[in-house]
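To start, the structure itself, in structure tokens.
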There are 2 protein chains.
Amino acid sequence: MTSETGPSRPGASWTGASWTGVPAEHPFGLHTLPYGVFTDAAHPQPRIGVAVGEAILDLTAASAALLPEHASLFSGGSLDALLAAGPASWSAIRAALRRWLSDERHAAVLTPLLVPATEVKMQLPFTVADYVDFYSCEQHVTNVAQILRPGQPALPANWRHLPASYHGRAGTVVVSGTPVRRPSGQRRHPDGTVTFGPSTALDFEAEVGFVVGTPSTLGRAVPLSGFAEHVFGVCLVNDWSARDIQFWESVPLGPMLGKSFATSISPWVVPLAALDAARIHPPARDPRPLPYLDDTGAEPWGLDITLQVRLNEMLISRPLFRRMYWTAPQQLAHLTSNGASLRTGDLFASGTVSGAAPGERGCLIELSWNGATPLRLADGSTRSFLADGDEVSITATAPGPAGSTLGLGEVHGRIRPA
Amino acid sequence: MTSETGPSRPGASWTGASWTGVPAEHPFGLHTLPYGVFTDAAHPQPRIGVAVGEAILDLTAASAALLPEHASLFSGGSLDALLAAGPASWSAIRAALRRWLSDERHAAVLTPLLVPATEVKMQLPFTVADYVDFYSCEQHVTNVAQILRPGQPALPANWRHLPASYHGRAGTVVVSGTPVRRPSGQRRHPDGTVTFGPSTALDFEAEVGFVVGTPSTLGRAVPLSGFAEHVFGVCLVNDWSARDIQFWESVPLGPMLGKSFATSISPWVVPLAALDAARIHPPARDPRPLPYLDDTGAEPWGLDITLQVRLNEMLISRPLFRRMYWTAPQQLAHLTSNGASLRTGDLFASGTVSGAAPGERGCLIELSWNGATPLRLADGSTRSFLADGDEVSITATAPGPAGSTLGLGEVHGRIRPA
């Protein structure tokens with residue numbers, strides 16, 4: 001298994017101590033160091049930041065002072081240049097950040113560049129190239145099939161052979177906090193009539209997203225082993241879904257307007273290297289995948305991420321990512337198996353993360369069983385689908401080094417009326 | 001109906017005469033004036049060009065000399081800035097081009113800026129933002145349904161209610177002339193086994209593409225009447241398709257790897273204004289579309305475009321775009337009806353243009369009836385699907401002003417082995 005290397009490699013001697021005072025066990029401690037883009041009153045132009053506890057290190061300024069050979073990666077107002085720089089640069093910069101934040105000699109230069117997180121506005125962190133949404137959680141597929149087609153086979157015929165996916169709309173990927181207007185669209189009523197109007201079945205989907213850094217060449221597949229060379233890191237994704245629009249439109253071409261009105265992502269991209277301690281073996285597959293997808297004996301890329309979903313600040317679900325049938329390297333290998341190329345900023349999401357238990361389900365259609373058993377919230381109200389004014393928040397954690405816990409930040413958004 | 005205005009408005013007095021010597025009846029005469037991006041030996045940096053007969057006017061240079069207030073739109077090496085400039089600029093620039101090319105007083109300045117088309121290499125003309133592929137030809141849908149599911153209803157239940165579409169892969173849209181490597185992928189054999197290997201059912205699809213210039217706001221639908229405000233022009237599209245990969249993967253999420261390996265577009269984008277004389281009434285619809293799609297009494301946006309498909313230079317089909325059930329304004333209105341926003345460079349394609357007669361079918365699976373009746377070529381060879389080395393060319397023409405014929409250029413590509 002690959003792991004962090006160099007002077008700051010976590011391990012027996014890893015303490016996570018920092019002159020900044022951020023506790024080693026903070027979800028955004030030195031073991032996380034996610035990247036994002038922010039503006040604030042002093043800086044209306046977007047700057048690159050690294051989250052350090054409750055503060056943000058202004059990396060656009062810090063790199064100019066301490067890392068001039070890489071400063072151009074942080075001057076463009078987005079993570080695009082950093083993403084394109086590739087694994088050697090990613091490692092070098094992460095090692096430098098750990099040194100700066102552990103070694104008190106850098107405190108004088110860096111302290112003025114730490115901005116309280118409460119004083120900034122986070123921006124979309126990178127230019128989304130192509131957005132692909134997978135469908136890789138067996139329990140989600142099974143639940144939805146039982147809801148919509150009870151008594152019929154739950155899994156599509158191809159599901160255990162390939163990680164199914166579709167392209168979503170890259171232009172409507174928005175950063176966490178962006179309000180989401182209830183979409184209008186066509187739906188078919190039980191009597192067969194078709195009308196156009198505001199969705200009456202607005203839903204969220206809790207997902208994990210993977211952000212591509214290094215591009216690939218048209219005509220060349222990226223093997224399982226090429227994953228960490230191309231993928232920079234991880235974010236959280238809310239794949240908002242209007243079920244009524246989606247179900248009427250999606251045969252035979254798949255989901256389109258039921259999804260394309262908005263997809264929210266968390267502002268912080270957590271580097272793959274931070275997830276070393278979260279890597280676990282994926283579940284057993286049957287049938288054994290075709291060779292290009294067969295990860296038997298390969299470095300494991302299951303990820304022990306636990307999501308938390310809150311509706312109006314009330315916890316409603318804790319989906320477990322560790323059970324996903326297909327891993328991100330398999331998704332990437334399949335996505336490129338026909339020679340399709342990758343671009344910097346490609347985003348691919350896992351598909352709804354769900355579980356068998358009601359408290360593990362990753363979307364409302366599962367949690368309310370399509371309205372058959374409305375979800376009861378802690379305040380006594382119930383939901384079959386989202387109401388205007390509802391706010392959905394997805395957070396996530398994973399094991400960090402030496403028993404610590406890693407934070408993956410948050411993606412949230414509030415529903416505005418149509 | 002909108003039409004060209006100003007001193008160069010075509011009409012009774014329109015002659016199309018030019019000091020350049022391009023005949024008025026040339027497909028790329030002064031009534032067309034499509035925009036593209038080229039490089040040549042003298043200019044390794046991409047430049048904007050306008051096709052004038054067999055020559056290309058270097059608009060990057062010409063605008064600096066004659067249209068300095070718009071020169072910045074032509075200095076970026078792509079059409080992106082021109083697309084974003086909006087309808088008033090599009091009209092002003094097109095009128096200026098007509099003046100320059102009709103009025104001999106500009107010959108001295110412009111003659112040195114005319115480059116023979118044979119001496120340049122055409123480039124991808126604009127940055128593709130999101131790529132959407134529609135499915136709007138009733139005869140194509142009917143033919144494919146009869147091939148795959150004989151005896152069952154040909155049209156999906158939603159087909160006459162909405163222009164169905166899916167998002168394709170923007171990152172693998174390539175310019176005409178780019179070789180296309182035969183994709184590999186999973187397919188299921190009649191005995192139920194699933195294997196991975198080079199596609200044995202590689203196909204083309206002849207389509208017309210629409211290029212978005214002016215962006216729209218997230219949350220706001222673009223009505224039918226907003227079409228010409230947002231759409232800059234038209235190109236030709238070959239939506240290469242690996243049928244074996246496509247059919248195995250596409251339930252329930254739609255086409256993905258069977259399409260995402262490559263989509264070719266013509267290098268010349270023909271402005272909407274050039275298509276004035278090609279506009280016709282679309283076919284009658286039943287049922288009447290919902291209000292946001294109802295173009296009854298609106299300015300007609302059927303387009304009398306005839307495509308020509310050649311395989312290894314032998315004409316195999318002449319699909320008629322005039323029969324398309326849904327028009328481009330309806331496609332755009334539907335695409336944004338949920339509030340999804342448009343970006344400069346969004347590309348949406350019509351779907352395969354096909355007809356009832358064998359000589360009008362727009363893809364090989366229809367022309368060979370999925371191999372049941374292989375297509376016989378003029379050289380005596382036959383095809384069920386594309387062979388390595390095959391070259392597919394799609395060209396198109398449409399009525400121009402005063403009895404002239406407009407050219408839409410060509411998209412071509414040759415199949416390379418897997």
Side-chain angles (χ1 to χ4, degrees), chain A residues 129-133 135 156-158 161-162 164-172 174 178 181-186 188 194-196 199 215 218-219 221 242 245 248-258 260-262 287 290-293 334-335 337-343 346 416 418, chain B residues 129-133 135 156-158 161-162 164-172 174 178-179 181-186 188 194-196 199 218-219 221 242 245 248-258 260-262 287 290-293 334-335 337-343 346 416 418:
Chain A
D130 273 300
Y131 164 50
V132 170
D133 194 22
Y135 188 58
N158 56 23
H161 292 272
L162 56 84
S165 68
Y166 65 94
H167 281 101
R169 190 162 185 81
T172 54
V174 296
T178 306
R181 187 181 296 261
R182 179 181 299 273
S184 290
Q186 288 195 21
R188 184 171 52 180
V194 178
T195 60
F196 180 90
S199 171
L218 187 64
I245 299 172
W248 169 230
E249 74 180 350
S250 66
V251 174
L253 298 184
M256 181 69 199
L257 291 163
S260 65
F261 56 95
L290 286 165
Y292 79 102
L293 293 174
H334 185 65
L335 188 62
S337 64
N338 65 349
S341 47
L342 301 173
R343 289 183 294 171
D346 280 348
R416 284 202 177 151
Chain B
D130 273 300
Y131 165 50
V132 170
D133 194 23
Y135 188 57
N158 56 23
H161 293 274
L162 56 84
S165 68
Y166 64 96
H167 281 100
R169 191 163 185 80
T172 53
V174 296
T178 306
R181 189 182 294 261
R182 178 180 298 274
S184 289
Q186 287 195 22
R188 184 171 52 180
V194 177
T195 61
F196 180 90
S199 170
L218 187 65
I245 299 171
W248 169 230
E249 75 181 349
S250 65
V251 175
L253 299 183
M256 181 70 198
L257 292 161
S260 65
F261 56 94
L290 285 165
Y292 78 103
L293 293 175
H334 185 64
L335 188 62
S337 62
N338 65 349
S341 47
L342 301 173
R343 290 183 293 171
D346 280 348
R416 284 201 176 152

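A note on names: the letters A, B, ... follow the listed sequences, proteins ahead of strands, and every chain is numbered from 1.
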Where on [X] is there a heavy atom nearer than 4.5 Å to chain A: the side chain, the backbone, both, or neither?
X        : value
B/Asp130 : side chain
B/Val251 : backbone
B/Tyr292 : side chain
B/Ser341 : both

How close do [X] and [Y] get, heavy atom to heavy atom, and via which atoms?
X        : Y        : result
B/Leu253 : A/Tyr135 : CD1-CB, 3.7 Å
A/Ala157 : B/Arg188 : CB-NH1, 3.9 Å
B/Met256 : A/His167 : CE-CE1, 3.2 Å
A/Leu335 : B/Leu257 : O-CD2, 3.2 Å
A/Pro252 : B/Pro156 : CD-CG, 3.8 Å

Open item on the list: Run A/Val132 and B/Arg169 through side-chain contact (heavy atoms from CB on, under 4.5 Å) and show every step you take.
Closed with: CA-CA 9 Å; A/Val132 170; B/Arg169 191 163 185 80; 3.8 Å; yes
Rounded to the nearest 0.5 Å, what's the gap from [atom1] on [X] to [atom2] on [Y]? Could you check?
X        : Y        : atom1 : atom2 : value
B/Phe196 : A/His161 : CZ    : NE2   : 15.0 Å
B/Leu162 : A/Trp248 : CG    : CH2   : 6.5 Å
A/Glu249 : B/Asn338 : CD    : CG    : 8.0 Å

- [ ] Only counting residues at least two apart or in another chain, list the ones meeting side-chain hydrogen bond (donor to acceptor under 3.5 Å, both in side chains) with B/Thr172.
- [x] none
Open item on the list: Test of understanding: with side-chain hydrogen bond (donor to acceptor under 3.5 Å, both in side chains), list the residues that count as partners of A/Ser199, not counting sequence neighbours.
Closed with: A/Asp244
Task: chain B contacts, top residue of A/Ala242, A/Pro215, A/Pro287, A/Ala170 (heavy-atom pairs, under 4.5 Å) - done: A/Ala170
Task: Largest heavy-atom contact set with chain B, pairs under 4.5 Å, which of A/Arg181, A/Arg182, A/Arg343, A/Arg416 - done: A/Arg343
With chain A, which of [options] has the greatest number of heavy-atom pairs at distances under 4.5 Å?
options                                : answer
B/Pro179, B/Ala418, B/Ser184           : B/Ser184
B/Pro255, B/Ala262, B/Gly168           : B/Gly168
B/Pro183, B/Ser260, B/Pro291, B/Ala221 : B/Ser260
B/Gly219, B/Gly258, B/Ser165           : B/Ser165

Task: Engaged part of A/Ser250 at the chain B interface, taking heavy atoms whose separation is under 4.5 Å - done: backbone
